[in-house]
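Keep in mind it's a predicted model, so treat the numbers as computed, not measured. Only this structure's heavy atoms are used, side chains among them; waters, hydrogens and symmetry mates stay out.
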Amino acid sequence: ADLLTACGLQKSQDLYAWWFVDADDILTKWEHIAARMARRESVTIRTIRRDHFVEDVQACLQVYNGTQSDSWEFTRLTEAEFDYMVRRLDQIGVSDHAYLAEVDGRAVGFALTLPDINEVIQPLNGRLTHFGLPINVARFAYRLRRVKTARMMVLCLLEGYRRRGIGELLVLHTLRKGKQKYGFQQAELGWTVDGNDAIDRFLERVGAERYKTYRVFEKSLVG
C-alpha cells in the first residue's frame, strides 16, 4: 500500500471477504427462526430446475441486474453474457448450488455457490497430462467430488425483500445442502463493498467472520 500511494495512487474502495466455519452452529441457531420467517413471508427456496433452465436463468438475471445497479462499479450483464457464464459454470454443477427465492411465484433473490476448485487444481501443478496421458484429467474429476471448501459468489435480494429473513433462508439452504450432500466443511463469501453496513451486519448475524480486505487503488490520468 505504501508503494502504491508513493506512486500517486489513492484508495478507491475496500472489498471484504467473509468466512463460514461452523455450519452446524449456524444451522442450530437459525433453523427455527428461518422456518418461522418462511411461513410468515410465504417464501419458497428452490434450486434451478434442469427442465426449466433458461427460464430460471432469466429470473436470476433480472434479480441480479435489479439489485446490483446501485453497487460500486456495477456493470449490467446482458442476457447473452449471463447465459454464457451460467452454462460454463454449470459444467461443475452450478444448477445444484444455485438457489432462487420466490414470493408468490416472483423471483426476489438468489444465491450462487461453487466448490473451490483451487483445492483440485493446486496438486496438478498446472498439468493435465503426464507422458502424453490424461492422468491429471482423471485426478481432476476424482478430486472435484471431494472438495471440502465452497465459495458463495452471489447473494442478491431485491429492494423491499431485504431484512425479512429471506437472505438468511438462502444462506441456510446453501449451508445445509453443502454440508449434508457434498461434505463442505468451510465456505467463503466475497466480496462485499465497504460501507454496505446492512449486508455486513446480516453476514455477522448468520455466523460469518470478515477475514480479508482487498483494497482497490486508482489514479487520475488527467492533468
Practice prompt. Would you indicate whether the side-chain heavy atoms of His97 and Pro115 approach each other to under 4.5 Å?
Written response: yes
Practice prompt. With the side chain counted from C-beta on, respond yes when Met153 and Leu114 share a heavy-atom pair under 4.5 Å apart, and no when they do not.
Written response: yes
Discussion item. Please say yes or no: joined through hydrophobic side-chain contacts below 4.5 Å, possibly via intermediate residues, are Tyr16 and Phe217 part of one cluster?
Written reply: no
Worksheet item: Side chains of Arg139 and Leu124: does their closest heavy-atom pair fall under 4.5 Å?
Response: yes
Practice prompt. Begin with the C-alpha distance, continue with both residues' side-chain angles, and end with the deciding distance and a verdict on side-chain hydrogen bond (donor to acceptor under 3.5 Å, both in side chains) for Asp200 and Thr192.
Written response: CA-CA 8 Å; Asp200 290 348; Thr192 65; 3.3 Å; yes
Worksheet item: Please walk me through it: do Gln13 and Val193 pass side-chain contact (heavy atoms from CB on, under 4.5 Å)?
Response: CA-CA 7 Å; Gln13 188 63 259; Val193 178; 3.4 Å; yes
Item to complete: State whether Asp194 and Lys11 are salt-bridged, where the test is any N-O pair (Lys NZ or Arg NE/NH1/NH2 against Asp/Glu carboxylate O) under 4.0 Å.
Response: yes
Worksheet item: Taking only residues two or more places apart in sequence or in another chain, which ones pass side-chain hydrogen bond (donor to acceptor under 3.5 Å, both in side chains) with Lys219?
Response: none
Discussion item. Nearest 0.5 angstrom please: Leu158 CG to Tyr64 OH, how far?
Written reply: 13.5 Å
Fill in: Spatial distance of atom CD1 (Ile45) from atom CD1 (Ile166) [nearest 0.5 Å]
7.0 Å
Item to complete: Report the residue from Val63, Leu155, Leu157 that forms a side chain to side chain contact (heavy atoms under 4.5 Å, CB included) with Phe110.
Response: Val63
Worksheet item: Are Arg143 and Glu119 within salt-bridge range, i.e. N to O under 4.0 Å?
Response: no
Worksheet item: Do Cys60 and Leu100 have side chains that get closer than 4.5 Å, going by heavy atoms?
Response: yes
Fill in: salt bridge (Lys or Arg N to Asp or Glu O under 4.0 Å) contacts touching residues 204-214 (sequence neighbours left out)
Glu168-Arg205
Item to complete: Give a yes or no on this: more than 12 heavy atoms of other residues, nucleotides or ligands lie within 6.0 Å of atom CG of Asp51.
Response: yes
Response to the item:
Correct closest heavy-atom pair for Glu188 and Ala17 would be OE2-CB, 3.7 Å
Discussion item. Measuring from atom CG of Leu169 to atom CZ of Arg176, what distance do you get when rounded to the nearest 0.5 angstrom?
Written reply: 9.0 Å
Worksheet item: Stepwise, does the side-chain hydrogen bond (donor to acceptor under 3.5 Å, both in side chains) test hold for Thr149 with Gln185?
Response: CA-CA 6 Å; Thr149 305; Gln185 297 174 357; over 6 Å; no
Worksheet entry | Spacing of CD belonging to Glu218 relative to CG belonging to Leu9, to within rounding of 0.5 Å | 8.5 Å
Fill in: Salt-bridge contact Asp14-Arg215 (side-chain N to carboxylate O under 4.0 Å)
yes
Fill in: Sidechain N-carboxylate O distance under 4.0 Å for Arg46, Asp56
yes
Fill in: Rounded distance (nearest 0.5 Å) linking atom CE of Met152 with atom CG of Leu112
9.0 Å
Response to the item:
Applying ring pair (Phe, Tyr, Trp, His ring centres under 6.0 Å) to Tyr214 and not counting sequence neighbours gives Trp191
Worksheet item: CZ/Arg106 to OH/Tyr161 distance, rounded to the nearest 0.5 angstrom?
Response: 4.5 Å
Worksheet item: Minimum heavy-atom separation for Gly109 to Leu170, with atom names?
Response: C-CD1, 4.2 Å
Worksheet item: Should Phe184 and Lys177 count as side-chain neighbours, where that means a heavy-atom distance under 4.5 Å?
Response: no
Discussion item. Please evaluate residues Trp19 and Gln186 with respect to the criterion side-chain hydrogen bond (donor to acceptor under 3.5 Å, both in side chains), reporting the C-alpha separation (whole Å), side-chain torsions for both, the decisive distance (0.1 Å), and the verdict.
Written reply: CA-CA 7 Å; Trp19 197 254; Gln186 302 176 101; 3.2 Å; yes
